[in-house]
J.: 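Before we start, here is the structure in question, set down as structure tokens.
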Amino acid sequence: MDGMLLNNLPIGDLTSDNDYLGLIDKGSLIKLFIESNKEQFSEIKMFALYGEWGSGKSTLMKYLLKELKTNFNTFFFDTWEFETDNNLALSLLELLLLESATAGEDIADELIEVAEKLLKGFTKSIRISLPGLSVDGKALTEELDSEKEKSFTQLKNEFKTEFLRWEDEVRGRSEKKYNIIFIDDLDRCEPENVLNLLSALKLFFTYGQRTIFFCGIDKKAVNEAVKTKYGEVVKSSEYLEKIFDISFSMPSVFHFDRLISFYFTETPINEENVNGIWNEQIENFFKEINFFNPRRMKKVLNKYVMLTIFYQNLYEQGYSIPNIYLNSKSEGCFFETILCLYFLIIKEFYPKIYRDLFDYKLKEDNYLKAIKATPKINEGNRLSHINQVTNFFDGNKGDKSLNKINFGSDVNKFIVICFSPINVKQLTYYSISQKNRLDEMIPADNSIDYLFFKYLIKNLNILTNSKKLSEYSLHGIKDSISRLL
């Protein structure tokens, strides 16, 4: 680890060592497809790369940008940089003219002039009517008529003529016949801007004969955008099918080991109660709590590095610190290490869980309500379950030094009180007091606090008989993280 951080920006120099997502293999296939079908670009012009936010779409597109430069005129339009512009389609056109070195010339002036007229009012009026993907341009037509401008049809024809002239100009300058335009960060834009840009691309920019558009798309973002603009009249799947000719999906492979190994080494965990090596056990921990998003993982792991730097400085100044993994030479406590990682995750991405984590009164109240809602409990026994749960939550809280707690027979009770999920739908007293009946607890959802609870119950050995627990309490570690980060 040694204080190293990974940034959350797209990886510029993608290699087999830092390819955590299997992007090189996917990129090579997409490159082969594009290079093998150039002659079809007069008909196939809109490509989509589907993937959730943080799944690596930007890195893959930057990789393709570099790989395709030899045979294509390549452009990269980061919509996020132009999000404040009134018209993303016009901003895209200006970028193309600037980067193709035609800005300021007659062709650029004429293309911008007709585009400004064509796209004027476009964002206010455009509506797509499936299945023909036609424009409801009533508002736009009225605006053009009011200013005695050319008709909508005339402007479209002029735009086509000028765009074809731009293609010829670019080809003449570079001697590369085809253009590929990458459009990134659409999932970070306002829903209205997403649809306006995609609609403009499909309806106007595809008049070209040698230009294709490759868009990184989060289907969830488009789904919300379509709902916002069209309600239930148009389904997002139908909309995307009409916009894009060809689609690819981000690879489902995630090389956990490569990312984790940047932060945790292959050194053995020097604890009698924990078997294995650091990077593999940390990888397993992330998998067990279903924390997979690469961007989020890097953010949490970077925060962990920052935490280790703070702790190391405090230690050198004579302060006690939690016993966590600091670097390949340290022999930190595995439980306290994954505890810090968990706190960092919920602090960053699940603030309500982080806030309520040690609100024992709230948890007890919720559990009493769940008992009342559990049909399998006989009415005659319900009061007994309520009383037993109340007594169960009395004492054994997380404000005691970890190295002072007897994690023998009470380890199950400690984990239930401190880490069982706050929100549950049904449970009995036995489902929290007996380890072999914990699966009878029915959580409100499969939230991360429930998954972490299950992980601890499954791996009680990381606490039982541990000789490396520090004098910090659970509350103390959480408060320390809150102060430092």
Side-chain angles (χ1 to χ4, degrees), residues 269 271 273-274 281-282 284-291 322-324 333-346 350 353-354 356-368 370-371 388-424 426-478 481:
I269 299 173
E271 290 187 70
N273 58 321
V274 183
Q281 289 298 329
I282 296 297
N284 179 65
F285 164 70
F286 279 118
K287 288 180 178 179
E288 290 285 337
I289 64 171
N290 199 28
F291 193 71
N323 188 16
I324 66 172
C333 172
F334 183 75
F335 171 71
E336 292 189 41
T337 298
I338 59 116
L339 185 65
C340 283
L341 287 170
Y342 175 64
F343 285 165
L344 290 171
I345 289 170
I346 60 176
Y350 306 92
I353 293 177
Y354 186 75
D356 297 338
L357 181 60
F358 297 132
D359 190 337
Y360 305 108
K361 184 63 171 64
L362 174 62
K363 182 181 289 188
E364 180 182 341
D365 289 345
N366 287 347
Y367 282 25
L368 295 179
I371 287 175
Q388 288 175 301
V389 167
T390 300
N391 292 333
F392 185 87
F393 277 94
D394 184 21
N396 207 8
K397 305 289 174 38
D399 52 2
K400 191 174 182 179
S401 296
L402 290 171
N403 62 4
K404 296 294 194 329
I405 300 175
N406 179 8
F407 287 115
S409 59
D410 289 338
V411 64
N412 181 77
K413 183 176 182 180
F414 173 83
I415 291 176
V416 170
I417 290 177
C418 297
F419 294 109
S420 60
I422 287 183
N423 296 313
V424 296
Q426 296 181 25
L427 84 160
T428 68
Y429 168 66
Y430 305 114
S431 64
I432 64 173
S433 62
Q434 299 179 17
K435 179 186 175 184
N436 61 342
R437 297 182 66 171
L438 285 171
D439 58 350
E440 295 178 12
M441 175 190 292
I442 302 178
D445 51 47
N446 206 35
S447 56
I448 194 165
D449 57 343
Y450 178 63
L451 296 176
F452 183 67
F453 169 65
K454 286 178 61 179
Y455 172 82
L456 292 179
I457 293 297
K458 180 180 176 181
N459 297 278
L460 289 176
N461 60 293
I462 66 175
L463 270 170
T464 306
N465 299 320
S466 175
K467 298 177 181 178
K468 290 195 171 186
L469 294 169
S470 71
E471 63 184 40
Y472 265 76
S473 67
L474 295 180
H475 294 183
I477 295 176
K478 181 174 180 282
I481 289 175

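Remember, it's a predicted structure, so these values are computed and weren't measured experimentally.
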J.: Report yes if the side chains of Leu463 and Ile405 come closer than 4.5 Å at any heavy-atom pair, otherwise no.
T.: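 With C-beta onward as the side chain, the pair stays apart.
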J.: Given 3.5 Å as the limit, does a donor-acceptor pair link the side chain of Glu471 with the main chain of Leu402, or not?
T.: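 Looks like no, no N/O pair under 3.5 Å.
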J.: For the atom pair CZ (Phe343) and CG (Leu357), what is the distance rounded to the nearest 0.5 Å?
T.: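 The distance works out to 5.5 Å.
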J.: Stepwise, does the side-chain contact (heavy atoms from CB on, under 4.5 Å) test hold for Val389 with Ile432?
T.: CA-CA 8 Å; Val389 167; Ile432 64 173; 4.1 Å; yes
J.: Do Ile338 and Leu456 come close enough that some side-chain heavy atom pair is under 4.5 Å?
T.: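 Counting from C-beta outward, Ile338 and Leu456 do come under 4.5 Å.
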J.: Is there a donor-acceptor pair closer than 3.5 Å between any side-chain N or O of Lys363 and the backbone N or O of Ile417?
T.: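 Such a contact is found between Lys363 side chain and Ile417 backbone.
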J.: Has the side chain of Glu336 got a donor or acceptor atom that lies under 3.5 Å from a matching backbone atom of Pro322?
T.: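 Pair absent, no side-chain N/O of Glu336 close to backbone of Pro322.
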J.: Assess whether side-chain contact (heavy atoms from CB on, under 4.5 Å) is satisfied between Tyr367 and Phe393, documenting all intermediate values.
T.: CA-CA 10 Å; Tyr367 282 25; Phe393 277 94; 3.7 Å; yes
J.: Residues in ring-ring contact (aromatic ring centres under 6.0 Å, His included) with Phe407, at least two apart?
T.: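 Result, ring-ring contact (aromatic ring centres under 6.0 Å, His included) vs Phe407: Phe414.
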J.: Between Ile422 and Ile353, is the side-chain contact (heavy atoms from CB on, under 4.5 Å) condition met? List the steps.
T.: CA-CA 8 Å; Ile422 287 183; Ile353 293 177; over 6 Å; no
J.: Going by the rule salt bridge (Lys or Arg N to Asp or Glu O under 4.0 Å), which residues pair with Lys404 if we only count those two or more places apart in sequence or in a different chain?
T.: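 Testing Lys404 for salt bridge (Lys or Arg N to Asp or Glu O under 4.0 Å), a comparison that skips the adjacent residues, returns none.
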J.: Do Leu474 and Asp399 come within less than 4.5 Å of each other through their side chains, counting heavy atoms only?
T.: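 Not in contact.
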J.: So, Ser431 side chain and Leu427 main chain: donor-acceptor pair closer than 3.5 Å or not?
T.: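 No, the answer is negative, given that no donor and acceptor are paired below the 3.5 Å cut-off.
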J.: Considering residues at least two apart in sequence or located in another chain, which fulfil the salt bridge (Lys or Arg N to Asp or Glu O under 4.0 Å) criterion with Lys468?
T.: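 Partners of Lys468 under the salt bridge (Lys or Arg N to Asp or Glu O under 4.0 Å) test: Glu331.
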J.: Quick one: closest heavy-atom pair of Gly398 and Cys418, and the distance?
T.: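 That closest heavy-atom pairing would be N-SG, 3.8 Å.
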J.: Can you tell me how far CZ of Phe335 sits from CG of Asn461, rounded to the nearest 0.5 angstrom?
T.: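 So the gap between those two atoms works out to 12.0 Å.
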J.: Taking ring-ring contact (aromatic ring centres under 6.0 Å, His included) as the definition, give me every residue that meets it alongside Phe358, ordered by chain and number, with sequence neighbours left out.
T.: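 With neighbours one apart ignored, the set is His475.
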J.: Within the 4.5 Å heavy-atom criterion, are Tyr450 and Lys454 side-chain neighbours or not?
T.: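 The answer is yes, as the side chains (C-beta and beyond) meet within the 4.5 Å cut-off.
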J.: Find the distance between CG (Asn412) and CG (Leu438) and round it off to the nearest 0.5 Å.
T.: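 Reported value, rounded in 0.5 Å steps: 5.5 Å.
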J.: Return yes if some donor-acceptor pair links the side-chain N/O of Asp359 with the main-chain N/O of Leu362 below 3.5 Å, else return no.
T.: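 A pair under 3.5 Å: yes.
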J.: Determine whether Ile477 and Cys340 make a side-chain contact, defined as any pair of heavy atoms from C-beta on separated by less than 4.5 Å.
T.: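 Yes, side chains in contact.
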J.: Rounded to the nearest 0.5 Å, how far apart are CG of Asp439 and CD1 of Ile457?
T.: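 Nearest 0.5 Å value for the CG-CD1 distance: 11.0 Å.
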J.: Quick check: are there more than 12 heavy atoms from other residues, nucleotides or ligands sitting under 6.0 Å from CD of Gln434?
T.: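 Enclosed.
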J.: Checking Asp365 now: which residues fulfil salt bridge (Lys or Arg N to Asp or Glu O under 4.0 Å) with it, not counting sequence neighbours?
T.: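 Salt bridge (Lys or Arg N to Asp or Glu O under 4.0 Å) list for Asp365, sorted by chain: Lys361.
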J.: Sequence neighbours left out, what passes salt bridge (Lys or Arg N to Asp or Glu O under 4.0 Å) with Lys400? Give chain and number order.
T.: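 Lys400 satisfies salt bridge (Lys or Arg N to Asp or Glu O under 4.0 Å) with no residue once adjacent residues are dropped.
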J.: Quick one: CD on Glu271 to CG on Leu469, what's the gap to the nearest 0.5 Å?
T.: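 Here the interatomic distance stands at 7.5 Å.
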J.: With a 3.5 Å distance limit and no angle check, can you tell me whether Asp445 reaches the backbone of Ser447 through a side-chain donor-acceptor pair?
T.: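 Side chain of Asp445 to backbone of Ser447: a pair is present.
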J.: Applying ring-ring contact (aromatic ring centres under 6.0 Å, His included), can you list everything that pairs with Tyr342, at least two apart in sequence or on another chain?
T.: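 So Tyr342 forms a ring-ring contact (aromatic ring centres under 6.0 Å, His included) with Phe452.
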J.: Could you check whether any side-chain heavy atom of Val416 comes within less than 4.5 Å of a side-chain heavy atom of Phe453, counting everything from C-beta outward?
T.: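 Result yes, sub-4.5 Å side-chain heavy-atom pair found.
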J.: Would you please name every residue forming a ring-ring contact (aromatic ring centres under 6.0 Å, His included) with Tyr354, sequence neighbours left out?
T.: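 Partners of Tyr354 under the ring-ring contact (aromatic ring centres under 6.0 Å, His included) test: none.
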J.: How would you list, by chain and number, every residue that makes a side-chain hydrogen bond (donor to acceptor under 3.5 Å, both in side chains) with Thr428, sequence neighbours excluded?
T.: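 Partners of Thr428 by the side-chain hydrogen bond (donor to acceptor under 3.5 Å, both in side chains) criterion come out as none, since no residue qualifies.
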J.: Side chains of Gln388 and Ser433: is there a donor and an acceptor less than 3.5 Å apart?
T.: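 Their side chains do not contain a donor-acceptor pair, so the 3.5 Å distance test is not met.
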J.: Taking only residues two or more places apart in sequence, or in another chain, which ones meet Asn273 in a side-chain hydrogen bond (donor to acceptor under 3.5 Å, both in side chains)?
T.: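 For Asn273 there are no side-chain hydrogen bond (donor to acceptor under 3.5 Å, both in side chains) partners, ignoring immediate neighbours.
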J.: Any donor-acceptor pair under 3.5 Å linking the side chain of Ser401 with the backbone of Asn403?
T.: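 Looks like no, no N/O pair under 3.5 Å.
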J.: Working note: Lys458 + Glu288, criterion salt bridge (charged side-chain N to carboxylate O under 4.0 Å, His left out); need CA distance, chi angles, decisive distance, verdict.
T.: CA-CA 10 Å; Lys458 180 180 176 181; Glu288 290 285 337; 3.2 Å; yes
J.: Of all the heavy-atom pairs spanning Leu339 and Phe419, show the shortest one and how long it is.
T.: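 It is CD1-CZ, 3.5 Å.
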J.: If you apply the rule side-chain contact (heavy atoms from CB on, under 4.5 Å), what do you find for Asn366 with Asn423, and how did you get there?
T.: CA-CA 6 Å; Asn366 287 347; Asn423 296 313; 3.4 Å; yes
J.: Which residues pass the side-chain hydrogen bond (donor to acceptor under 3.5 Å, both in side chains) test with Lys478, not counting sequence neighbours?
T.: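 Checked Lys478 against side-chain hydrogen bond (donor to acceptor under 3.5 Å, both in side chains); zero matches.
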J.: With sequence neighbours left out, what residues match Glu440 under side-chain hydrogen bond (donor to acceptor under 3.5 Å, both in side chains)?
T.: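 In terms of side-chain hydrogen bond (donor to acceptor under 3.5 Å, both in side chains), with neighbours along the sequence ignored, Glu440 is linked to Arg437.
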J.: Do the non-hydrogen side-chain atoms of Ile448 and Ile346 ever get within less than 4.5 Å of each other?
T.: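 Result yes, sub-4.5 Å side-chain heavy-atom pair found.
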J.: Hey, are the side chains of Asn459 and Val274 touching, using non-hydrogen atoms and a 4.5 Å cut-off?
T.: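 Of all side-chain heavy-atom pairs linking Val274 with Asn459, none is under 4.5 Å.
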